[in-house]
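Accompanying notes for the structure given below.
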Amino acid sequence: MNYRHVYHAGNFADVVKHAVLALLLEHLKHKDKPFFVLDTHAGIGRYDLASEEARKTAEADGGIGRLWAAPRVPPELEGYLAAVAALNAGSKGAPRWYPGSPLLLRRLLRPHDRLVAVELHPDDAAKLAAEFRRDPQVKVMQMDGYVALKSLLPPQERRGLAVVDPPFEALGEFDRLVTGLGQAHRRWATGIYALWYPIKDMRAVADFRASLNASGIRRILSAELWVETPGDPEIFAGCGIMIVNPPWTVKSSLETVFPFLSAVLARAPGAGWRVAWLVPE
């Protein structure tokens, strides 16, 4: 309940996460049928990168700031960058406003798609509700994200994406991710799931991968990027996203995007990336 994403908005992990989410939604839009999106840890929706909190850490400078300054980007990133640009219409230079995942996801919806954004913190949930108060395609709910995974699935559309992006401020978060995925997957086995996690404690990441491997869930794609050599559990060196049931073209898209992002976001020797099946068909 103490986590405030404004201190970290637009950092390298946001860039990686949001680039992947934008790709997933673009692939979902290849079919005309409507889809549903659940964002379990939604935050406040938009973040002021010029605020005192954001400038205190200046993490956005090493994230969206670097990507924004890149002279050329792969076309696979255009949807994501367009969502950032839409929030900064008319401004010059690096963006001041950064979209959290619910605002990014909303930007990419079509008129017949819908989003449920869940946030536990009461103040943040209120800000998020105000952000979408006149939007009939978005419903904001104040509740625990893992409860939402159990109670809001399967959706009536029967196709779509569940984004699980906890702050990892409490012990046992990796275990909660695995348990939450298992409960949701039993209710909605055909849904796409995107599980974000930090790369700090390599033993914890290895245990997480092993637990997913043993879960019995198939078609899990692992996409990881690190901005310096991982290994020190005190250093936030990278992040990953486990994608369950990825659309068939997503792997090749990530294999184009991740080398580019790795080069742009690298902050020390040892930066790198990996996109590979954790569990195949």
Side-chain angles (χ1 to χ4, degrees), residues 8-31 35 37 49 59-89 91-95 97-101 103-110 113 161 163 165 192-197 199 219-228 230 237-278:
H8 315 288
N11 67 3
F12 79 88
D14 263 1
V15 169
V16 172
K17 173 178 61 181
H18 293 153
V20 173
L21 296 183
L23 277 174
L24 290 172
L25 258 65
E26 292 297 340
H27 285 279
L28 275 168
K29 291 192 287 187
H30 288 172
K31 293 183 179 180
F35 61 78
V37 182
L49 300 183
E59 289 187 20
D61 294 350
I64 189 61
R66 287 194 185 183
L67 181 59
W68 204 258
R72 296 177 183 176
V73 300
E76 290 87 350
L77 290 173
E78 290 176 356
Y80 162 49
L81 291 175
V84 179
L87 210 57
N88 294 274
S91 63
K92 297 181 179 180
W97 298 96
Y98 188 79
S101 54
L103 214 58
L104 173 80
L105 294 165
R106 175 62 184 96
R107 167 77 184 179
L108 297 171
L109 295 183
R110 302 164 302 179
D113 304 320
L161 168 68
V163 181
D165 174 27
I192 301 169
Y193 297 86
L195 314 180
W196 180 92
Y197 57 96
I199 297 177
R219 299 196 72 240
I220 304 178
L221 182 67
S222 168
E224 296 183 334
L225 185 146
W226 49 96
V227 294
E228 62 180 89
C239 65
I241 300 181
M242 293 292 180
I243 308 171
V244 180
N245 295 325
W248 68 274
T249 52
V250 163
K251 184 174 183 290
S252 61
S253 295
L254 292 176
E255 288 170 339
T256 297
V257 168
F258 269 41
F260 173 81
L261 289 179
S262 178
V264 169
L265 301 174
R267 68 185 182 204
W273 63 279
R274 176 175 58 192
V275 175
W277 287 104
L278 177 70

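This chain uses plain numbering: 1 for the first residue, then up along the sequence.
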_Full working for side-chain hydrogen bond (donor to acceptor under 3.5 Å, both in side chains) between Glu224 and Tyr197_ = CA-CA 9 Å; Glu224 296 183 334; Tyr197 57 96; 2.5 Å; yes
[atom1]/[X] to [atom2]/[Y] distance, rounded to the nearest 0.5 angstrom?
X      : Y      : atom1 : atom2 : result
Asn88  : Trp68  : CG    : CH2   : 6.0 Å
Arg106 : Ser101 : CZ    : OG    : 14.5 Å
Cys239 : Lys17  : SG    : NZ    : 8.5 Å
His18  : Leu67  : NE2   : CG    : 13.0 Å
Asn11  : Ile64  : CG    : CD1   : 10.5 Å

Do [X] and [Y] make a side-chain contact, defined as non-hydrogen atoms from C-beta onward lying under 4.5 Å apart?
X      : Y      : result
Leu221 : Leu254 : yes
Phe35  : Lys29  : yes
Phe260 : Glu76  : no
Asp14  : Glu59  : no
Val37  : Asp113 : no
Leu25  : Leu109 : yes
Leu108 : Leu28  : no
Ile192 : Pro247 : yes

*Arg66 side chain vs Leu261 backbone, donor-acceptor pair below 3.5 Å*: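 Flag not set: sc Arg66 to bb Leu261 has no pair under 3.5 Å.
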_Let's go through Val264 and Val73 carefully: what are the C-alpha distance in whole Å and the side-chain angles of both, what is the deciding distance for side-chain contact (heavy atoms from CB on, under 4.5 Å) to 0.1 Å, and is it a yes or a no?_
CA-CA 10 Å; Val264 169; Val73 300; over 6 Å; no
_For Ile243, the option from Ile220, Leu278, Leu24, Leu23 that meets side chain to side chain contact (heavy atoms under 4.5 Å, CB included)_ =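 So, applying the side chain to side chain contact (heavy atoms under 4.5 Å, CB included) to Ile243 and each of Ile220, Leu278, Leu24, Leu23, only Leu24 qualifies.
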_By the definition side chain to side chain contact (heavy atoms under 4.5 Å, CB included), identify the one residue from Leu81, Val84, Leu87 that meets it with Pro95._
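By the side chain to side chain contact (heavy atoms under 4.5 Å, CB included) criterion, Pro95 pairs with just one of Leu81, Val84, Leu87: Val84.
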[X] to [Y] - nearest heavy-atom pair and separation:
X      : Y      : value
Ser253 : His27  : OG-NE2, 3.5 Å
Ser262 : Leu225 : N-CD1, 3.6 Å
Trp277 : Pro246 : CH2-CG, 3.6 Å
Gly79  : Glu26  : CA-OE2, 4.3 Å
Ala60  : Ala9   : CB-O, 3.5 Å
Ala13  : Trp196 : CB-CZ2, 3.9 Å

*Between Tyr80 and Tyr98, how do the two ring planes meet: parallel, tilted or perpendicular, split at 30° and 60°?*
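If you compare the ring of Tyr80 with that of Tyr98, the planes turn out perpendicular.
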